[in-house]
Colleague: 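There's a structure below that I have some questions on.
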Amino acid sequence: MLASIGYAVAYTGVGIALLTLGFLVLDLLTPGHLGRQIHEERSVNAGVVLAAGFLGQGLVIFAAIWTNATSGFGQALLYTVVFGVLGVVLQAVAFLVLDLITPGRLGSHVTEVAFHPASLVLAAVQLAVAAIVVASIWP
């Protein structure tokens, strides 16, 4: 049981680091400070997009652990880090591609206080990219 507790702490630490990385990348892609947009400006758009990013990253992290746990702790942790970072990078690429093919600046729409449907589209893209990464994970 103690070993499992240690694994849980290690996986959770890596997971929190990956979620933080995802937050920081999304913060770079949007104008202003994302945390302030959500907590002070009360931007539902930013909240929806960040929540989708977190859910997507959580699914990638879960899949990496779940599909590789029997390969040994070290390998499963490595898969978690590699695919977690890959998920963040690919979600950022999808953000940039969507920004190129839609009118206006996507980052600005995401941080608007008034609801903008672009936030739902971006949230769906983030979840779809995460699902693609999850499907690619194989021990």
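One is the number of the first residue; the rest follow in order along the sequence.
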Colleague: Where the side chain of His33 meets the backbone of Arg36, is there a donor-acceptor pair that is under 3.5 Å apart?
Modeller: yes
Colleague: From Glu41 CD over to Leu34 CG, what is the distance, rounded to the nearest 0.5 angstrom?
Modeller: 12.0 Å
Colleague: For residues Leu106 and Ala118, report the shortest heavy-atom separation together with the two atoms involved.
Modeller: CD1-CB, 3.9 Å
Colleague: Check whether Leu59 and Leu77 end up in the same hydrophobic cluster, where Ile, Leu, Val, Met, Phe, Trp and Tyr are linked by side-chain heavy atoms less than 4.5 Å apart.
Modeller: yes
Colleague: Taking all non-hydrogen atoms of both residues into account, name the closest pair between Pro31 and Ser108 and its distance.
Modeller: CD-N, 3.8 Å
Colleague: Would a distance-only check, ignoring hydrogens and angles, find a side-chain to backbone donor-acceptor pair under 3.5 Å from Thr111 to Gly107?
Modeller: yes
Colleague: Treat each ILVMFWY residue as a node, draw an edge where side-chain heavy atoms are under 4.5 Å apart, and state whether Val110 and Val121 are in one component.
Modeller: yes
Colleague: Look up atom CG in Leu21 and atom CG in Leu26, then write down how far apart they are to the nearest 0.5 Å.
Modeller: 11.0 Å
Colleague: Evaluate the side-chain proximity of Gln91 to Val133: yes if any heavy-atom separation is below 4.5 Å, no if none is.
Modeller: no
Colleague: If the test is side chain to side chain contact (heavy atoms under 4.5 Å, CB included), which one of Thr30, Val125, Leu100, Leu90 qualifies with Phe95?
Modeller: Thr30
Colleague: Contact between Ser43 and Ile38 at the side-chain level, heavy atoms closer than 4.5 Å - yes or no?
Modeller: no
Colleague: Does Gln37 use its side chain to pair, donor to acceptor, with the backbone of Gly32 at less than 3.5 Å?
Modeller: no
Colleague: Could you state whether Leu24 and Leu86 fall into the same hydrophobic cluster, counting links through intermediate Ile, Leu, Val, Met, Phe, Trp or Tyr residues with side-chain heavy atoms under 4.5 angstrom apart?
Modeller: yes
Colleague: Going from OG1 on Thr20 to CZ on Phe54, what distance comes out if it is rounded to the nearest 0.5 angstrom?
Modeller: 7.0 Å
Colleague: Considering only heavy atoms from C-beta outward, does the side chain of Asn68 approach that of Ile137 to under 4.5 Å?
Modeller: yes
Colleague: Any heavy-atom pair between the side chains of His109 and Asn45 that's under 4.5 Å?
Modeller: no
Colleague: Rounded to the nearest 0.5 Å, what's the gap from CG on Leu55 to CG on Leu50? Could you check?
Modeller: 9.5 Å
Colleague: I'd like to know if Leu96 and Val85 are part of one continuous hydrophobic network [Ile/Leu/Val/Met/Phe/Trp/Tyr, side-chain heavy atoms within less than 4.5 Å].
Modeller: yes
Colleague: Got Ser71 and Tyr79 here, is their nearest side-chain heavy-atom distance under 4.5 Å?
Modeller: no
Colleague: If I compare all heavy atoms of Thr80 with all of Leu18, which pair ends up nearest, and what's the gap?
Modeller: O-CD1, 3.6 Å
Colleague: Hydrophobic clustering (ILVMFWY, side-chain heavy atoms < 4.5 Å, transitive) - are Val134 and Phe62 grouped together?
Modeller: no
Colleague: Answer with yes or no after comparing the ring centroid distance for Phe73 and Tyr11 against a 6.0 Å cut-off, counting only values under it.
Modeller: yes
Colleague: In the structure I gave you, are the side-chain heavy atoms of Val48 and Phe115 within less than 4.5 Å of one another anywhere?
Modeller: no
Colleague: CG/Leu19 to OG1/Thr12 distance, rounded to the nearest 0.5 angstrom?
Modeller: 10.0 Å
